[in-house]
Amino acid sequence: GDSVTQMEGPVTLSEEAFLTINCTYTATGYPSLFWYVQYPGEGLQLLLKATKADDKGSNKGFEATYRKETTSFHLEKGSVQVSDSAVYFCALSEKGFQKLVFGTGTRLLVSP
Amino acid sequence: DTAVSQTPKYLVTQMGNDKSIKCEQNLGHDTMYWYKQDSKKFLKIMFSYNNKELIINETVPNRFSPKSPDKAHLNLHINSLELGDSAVYFCASSQLDRANYGYTFGSGTRLTVV
């Protein structure tokens, strides 16, 4: 079945450092890919998405590119802030499957 | 004007009790979901309803029974609560023919069974 694999956390960075959170997926078709963010004590918010190969999703300085050849959707940000501290989830949704499949989440901790 | 609202936000109850969690969305979406997030933050789908009809029922104990009185509401009733049911339960909604737009999640219900 479909699955999403994320790097283990926590990822600990200093403010203004470069961020990469790796995500790879397994799917039978051509899924849409998503990054969700969960701030402490809150629900999940859609951060960005990409619906086909080579699409780049971007939002709030975060970017991820849909790489079909490597089945990856790595999240990047050039300069993180303390306010970016949260848990980040990679997810996929296959057309017709009507559900999101999540990775295990990666906690990001940014210190001043 | 919250898009997806769940009640209650926190629920503490004893083993063996029966409890319900309510969810409402005002986005006009036709599909609603229940997800369970365990203590390690892992998220797994439990149920999905499209226009009041059950379309996804993952391997979930029979003690869990969803009910959708209309497409804007999806409630979750849990019988005979067990310690292992302690988790955060998230409701979400989407428009099925636009699932690649992503889902909108509620803020979660933290259930603690003691």
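Letters go in sequence order (proteins before strands), and every chain restarts at 1.
Heavy atoms closer than 4.5 Å to chain A are found in the backbone of Lys40(B), but not in its side chain. No part of Gln6(B) comes within reach of chain A, as not one of its non-hydrogen atoms sits under 4.5 angstrom from that chain. For chain B, no part of Gln45(A) is nearby; none of its heavy atoms comes within less than 4.5 Å. Looking at Leu46(A), only its side chain comes within 4.5 Å of chain B, counting heavy atoms on both sides.
Ranking Leu44(A), Leu92(A), Val87(A) against chain B, the residue ahead of the rest is Leu44(A), based on heavy-atom pairs under 4.5 Å.
Using a 4.5 Å cut-off on side-chain heavy atoms (C-beta onward), Glu42(A) and Ser107(B) make no contact.
Between Tyr33(B) and Tyr103(B), the angle of the ring planes stays under 30°, which puts this pair in the parallel group of the 30/60° scheme. Between Phe73(A) and Trp35(A), the ring planes are parallel. Angles under 30° get that label, and only those over 60° would be called perpendicular.
A ring-centre distance under 6.0 Å is not found for Phe64(B) and Phe47(B).
Under the 3.5 Å distance criterion, the side-chain polar atoms of Tyr49(B) are left unmatched by any main-chain donor or acceptor of His73(B).
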